[in-house]
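Working notes, structure below.
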Amino acid sequence: MTACGNRLRRINSICDLSGANPGEVPRQISSLLSPSNRVRLYFFSYAAESRTCFPVDSGWKEKKRKGKTVPMASSILLRQLFYCFTHFHHHCVKRNVCMMTKFDQPLTFWSGLRYMTIYGSSGKLDLTDMTSPHSWYPNARKKKRNVFLHVGPTNSGKTYTALKRLEKSSSGVYCGPLRLLAWEIAQRLNKADVPCNLITGQERDEIAGAKHTSLTVEMADVTSEYQCAVIDEIQMVGCKTRGHAFTRALLGISCHELHVCGDPAAVTLIKRMLEVTGDVITVQYYERLSPLIPLTYPMSSSNIKTGDCMVAFSRHEIYRLKKKIESGGKHLCSVVYGSLPPETRTKQASMFNDESSEFDVLVASDAIGMGLNLNISRIIFSTLQKFDGVCTRELGILEIKQIAGRAGRYGSKFPIGEVTCLDAEDLPVLHSALESCSPDLERAGLFPTFDILSLYSRLHSSNKFFPVLEQFLEKAKLSPDYFIADCEQMLKVAAAVDDLPLAFHDKYTFCMSPVDMDDDISAQGLIQFAEKYARKGLVRLKEIFTPGTLQVPKSHGALKELESVHKVLDLYVWLSFRMEESFPDRELASSQKAICSLLIEGFLERLGCYRRRKASYNSTTLLQKKHHPALVHPKLFQIDEGS
Ligand SMILES: Nc1ncnc2c1ncn2[C@@H]1O[C@H](COP(=O)(O)OP(=O)(O)OP(=O)(O)O)[C@@H](O)[C@H]1O
């Protein structure tokens, strides 16, 4: 340990954590910590190769040598060596303990240990105190960030301006709410000769030499440094389920320039959230680039014309409207809704945008509100009510504006947008929503990190995720600017996996996975993955999906099943990025996912075409010959042995 040399003499003892499982680490050190036994913990990583050690808090430099990543200490890092954890009061400390681990140890568990250090210094540990989330991100707090809030209606050029800054920066990150947006931005930067990686829960596309990354907001890295960062659609900070990921990115990304784009409704809240950070905030307001005209008359499905988009909020309603419009014999409809695979949504959107395609009308859910480039002339709301999983409710002003704003895209074939409803009775509500300012967001989402929950579970001697999370949520203390994320889905997963012999960390991973537990097939898939993993530590895809074939669905029921199968495969891929060795069949799952998307597209194509012309299925016909429907319970579906 040459790098810290003599200074380590101050250390009373060293605890080597290099072989420890991250989930086990807190237990290893918890014996050191009690109000009377006040220790100061130093956190170091060592690189055996160069016999060098680094303070974990200050990070390290990496250098590529002969294709290998070699850690390098800089003099700055060495100077910082004993300045980590400055929140310690010297007079409190009785013993200095050095916590060592390997250079490549995941960083995630270190932050959890900080809570232990607070415990050591104050004699009190209240993990449920979440009143200062800005302090969870020491890297970002070391900086005085220049935060630019780009706010205005949809289609006002906010993202365009922020992306121009990102393109010009020496390093940067784009955080978006959807995979489709992350793909689009990565593509755009790469086309502009700015090498850009793509990272989402289910994809890692690393480009040689890239200093830029486009990602979905949940994947934001709060340990790296960037010159510039962009967070898009920031009004989602108020989303019940995903708001906490936006909060984390907003408070946690360490950068010189942070560009935040979204609706003006978020401005006051964001200013309050950032008040305590010392960041410098500049607000830039934007006007819509092209007009949006609310029509004074309703539309019927017989008056539909090319470029129209009919909006509905259930799958059933979307297909009913599609059928009705197509039965007039004048139009074919593309469809876009949330549970379609993202690839299929993109394909449907491109067919609609493509003037040479016969699919000239779109029937869509609010999934069009963000992320897809659509050439829409008129938005027609079939209803202004939506079932949100619990009850049917009126759409909010922000939701109406976001969806309506998709009509008339700047620079597109329809630069002037119009918006109306099917039902004349809905028109006053529509007009009033479009004329009103969106009400200010009051609170942002927040969710405890794994480290907090893990320590909480240890302090309560429980390995069960459900009671730990439930108790934590009950006791959590928040400032008035925050709310705790809706954990219903997580609790459902927890209830399903809690009795399995799994480490707390594994249960957490399954609970954080993007599974829809209200969908039977998806829930079944998750349970099977968790059971196999608990039993053998290895989950082969072929064990779960018996060899066989897939085929183009022949009914709406079969289509829904195939959408669910796609979700299960997507879940496998997601898990494979977090438990690589235990879920080794990522490639197979990805190729099966691609087949699912093609088969779904085949169904949609056939559904539209059969009235108009003899369908030409191209690639789908081929797939149809190779794959047959074979959804078997409890096996979810069958895959071709040779695939
Ligand atoms: N200055 C500009 N020059 C050329 N095209 C522009 C310019 N500003 C915006 N655009 C284009 O206008 C469209 C809308 O811009 P942008 O996506 O930035 O809007 P936005 O305000 O972020 O809207 P949304 O919330 O709907 O994403 C995009 O297609 C964008 O490329």
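For the single chain, residues carry numbers from 1 onward in sequence order. Just so you know, these numbers use all the heavy atoms, side chains as well, and skip hydrogens, waters and symmetry mates. Order of listing sets the numbers, starting from 1, for every ligand and every atom in it.
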Q | Distance in Å, Arg586 CZ paired with Leu575 CG, rounded so as to fall on 0.5 Å steps | A |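 Separation between the atoms: 11.0 Å.
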
Is there a polar contact between ligand 1 and [X], counting only N or O atoms under 3.5 Å apart?
X      : value
Leu289 : no
Thr154 : no
Asn373 : no

Item to complete: Please report the C-alpha distance between Phe603 and His556 in whole Å, then the side-chain angles of each, then the deciding distance to 0.1 Å, and finally whether the ring-ring contact (aromatic ring centres under 6.0 Å, His included) criterion is met.
Response: CA-CA 9 Å; Phe603 174 82; His556 281 279; 5.5 Å; yes

Please state which protein non-hydrogen atom is closest to [atom] and give its distance, to 0.1 Å?
atom                    : value
atom 24 (P) of ligand 1 : Asn155 N, 3.7 Å
atom 28 (C) of ligand 1 : Arg409 NH2, 3.7 Å
atom 22 (O) of ligand 1 : Thr159 OG1, 2.5 Å
atom 25 (O) of ligand 1 : Lys158 NZ, 3.3 Å
atom 26 (O) of ligand 1 : Arg406 NH1, 3.0 Å
atom 19 (O) of ligand 1 : Gly157 N, 3.1 Å

Only one of Arg165, His259, Lys158 passes side-chain hydrogen bond (donor to acceptor under 3.5 Å, both in side chains) with His150, and that residue is His259

The residue among Glu563, Glu317, Gln348 that forms side-chain hydrogen bond (donor to acceptor under 3.5 Å, both in side chains) with Tyr337 is Glu563

* **Geometric cation-pi criterion, Arg578 with Trp574: 6.0 Å, 45°** => yes

- Task: Answer yes or no for Ser412: is there a heavy-atom contact with ligand 1 below 4.0 Å?
- Result: no

- Relative to atom 27 (O) of ligand 1, which among Glu233, Gln402, Arg188, Gln235 owns the nearest non-hydrogen atom?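 Going through Glu233, Gln402, Arg188, Gln235 one by one, Glu233 has the nearest heavy atom to atom 27 (O) of ligand 1.
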
Next item on the list: Nearest heavy atom to atom 18 (O) of ligand 1 wins, so pick from Tyr286, Tyr410, Tyr160.
Entry: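 Going through Tyr286, Tyr410, Tyr160 one by one, Tyr160 has the nearest heavy atom to atom 18 (O) of ligand 1.
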
Check [Y] with [X], please: is the shortest side-chain N to carboxylate O separation under 4.0 Å?
X      : Y      : answer
Lys168 : Glu257 : no
Glu218 : Arg242 : yes
Arg272 : Asp440 : no

- Where the side chain of His331 meets the backbone of Ile304, is there a donor-acceptor pair that is under 3.5 Å apart? yes

Near Pro153 (heavy-atom distance under 4.0 Å), the atoms of ligand 1 are 21 (O)

